[in-house]
Amino acid sequence: MTKSDWLDLTVLERQKYNHLSELMDLTRQLGEAIDRGDEVSVRILVSMRNDPLVGLEELKKATRLRTEALSREERERVEELNSGASPEDENEILYVNQAGSARRLWERVVELDQRLNRRMAGDDSFYAKNGK
């Protein structure tokens, strides 16, 4: 793959990280509003979380389109790296580091979201219904 290809994928991962950072901040604020019993803020923050979620969905589509433009071998290499293969050059290292940062932040967002959702909804929680 060219340096430009790796840069494009790395930039998409950085944008994903930025949306996830915004989502994490809003989710933390949501937890604080729940702790305070501030129902108005809870509703506002739940609504505000939609923007970064929409942005993440758009990035998912952009990433899919970008990777579909690669050759089969290049797509396989990206998949290998995303599955834990060791990077072989500087471009792959940058990509793996950025993708890993985004993945770890995503895991933290999901964990916090699960806790808050269960606190708010109890047995009616999305996560309780889906066995997570």
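What's counted below: heavy atoms across the whole structure, side chains too, no hydrogens, waters or symmetry copies.
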**Study point:** Enclosure of Met48 CE (heavy-atom neighbours >12, cutoff 6.0 Å)
**Key:** no
Revision key, fill the gap. Rounded to the nearest 0.5 angstrom, the CG-CE distance for Asn91 and Met1 is 8.5 Å
Review point. Atom CG in Leu23, atom CG in Asn50: separation rounded to 0.5 Å?
Key: 10.5 Å
Review point. Can you tell if the side chain of Asp5 reaches within under 4.5 Å of the side chain of Thr2, non-hydrogen atoms only?
Key: yes
Point to revise | Gap separating the OH atom of Tyr17 from the CE atom of Met24, nearest 0.5 angstrom | key: 9.0 Å
Exercise for review: Examine the side chains of Tyr95 and Asn82 and answer whether a donor and an acceptor come within less than 3.5 Å of each other.
Suggested key: yes
Check your understanding: Does Thr67 use its side chain to pair, donor to acceptor, with the backbone of Arg64 at less than 3.5 Å?
Key -> yes
Exercise for review: Could you name each residue pair satisfying salt bridge (charged side-chain N to carboxylate O under 4.0 Å, His left out) that touches residues 82-94, not counting sequence neighbours?
Suggested key: Arg77-Glu88, Arg77-Glu92
Practice item. Identify, with sequence neighbours excluded, every residue that meets side-chain contact (heavy atoms from CB on, under 4.5 Å) alongside Glu39. Key: Arg43
Check your understanding: Just one of Val54, Leu53, Leu59 clears the side-chain contact (heavy atoms from CB on, under 4.5 Å) bar with His19, so which one?
Key -> Leu59
Practice item. Verify whether one side chain among Asn18 and Ser21 offers a donor that lies under 3.5 Å from an acceptor in the other. Key: no
**Study point:** Within one Ile-Leu-Val-Met-Phe-Trp-Tyr cluster: Val110 and Leu56, side-chain cutoff 4.5 Å
**Key:** yes
Point to revise | Pairing of Lys61 and Glu58 as salt bridge, 4.0 angstrom limit | key: no
**Study point:** Stepwise side chain to side chain contact (heavy atoms under 4.5 Å, CB included) check, Asp38 with Val40
**Key:** CA-CA 6 Å; Asp38 184 347; Val40 172; 3.8 Å; yes
Practice item. Locate the shortest heavy-atom distance separating Glu68 from Arg75; write the atom from each residue and the value. Key: O-NH1, 3.6 Å
Exercise for review: Apply side chain to side chain contact (heavy atoms under 4.5 Å, CB included) to Leu30 and Ile34, showing your working.
Suggested key: CA-CA 6 Å; Leu30 176 61; Ile34 291 169; 4.1 Å; yes
Check your understanding: Does the pair Glu74 and Val78 meet the rule for a side chain to side chain contact (heavy atoms under 4.5 Å, CB included), with working shown?
Key -> CA-CA 6 Å; Glu74 292 168 336; Val78 172; 5.7 Å; no
**Study point:** side chain to side chain contact (heavy atoms under 4.5 Å, CB included) between Arg49 and Asp113, worked out
**Key:** CA-CA 11 Å; Arg49 286 175 18 127; Asp113 188 70; 2.7 Å; yes
Check your understanding: Less than 4.0 Å between a side-chain N and a carboxylate O, is that true for Glu76 and Arg72?
Key -> yes
Check your understanding: Side chains of Arg104 and Arg108: closer than 4.5 Å at any heavy-atom pair?
Key -> no
Revision key, fill the gap. Taking every heavy atom of Pro52 against every heavy atom of Leu26, the minimum-distance pair comes out as CG-CD1, 4.1 Å
Revision key, fill the gap. Between the CG atom in Leu94 and the CG atom in Leu9, the distance rounded to the nearest 0.5 Å is 12.0 Å
Check your understanding: Side chains of Gln29 and Asp25: is there a donor and an acceptor less than 3.5 Å apart?
Key -> yes
Check your understanding: Just checking, is any N or O donor in the side chain of Thr10 or Glu13 under 3.5 Å from an acceptor N or O on the other one?
Key -> no
Review point. Do you know the tightest heavy-atom contact between Leu116 and Gly31?
Key: CD2-CA, 3.6 Å
Check your understanding: Looking at OG1 of Thr27 and CG of Leu112, how far apart are the two atoms once the value is rounded to the nearest 0.5 Å?
Key -> 5.5 Å
Revision key, fill the gap. All heavy atoms of Ala33 vs all of Leu45, minimum pair found to be CB-CD1, 4.0 Å
Exercise for review: With the side chain counted from C-beta on, respond yes when Arg119 and Asp35 share a heavy-atom pair under 4.5 Å apart, and no when they do not.
Suggested key: yes
Check your understanding: Could you state the interatomic distance from CZ (Arg14) to CG (Leu12), rounded to the nearest 0.5 Å?
Key -> 13.0 Å
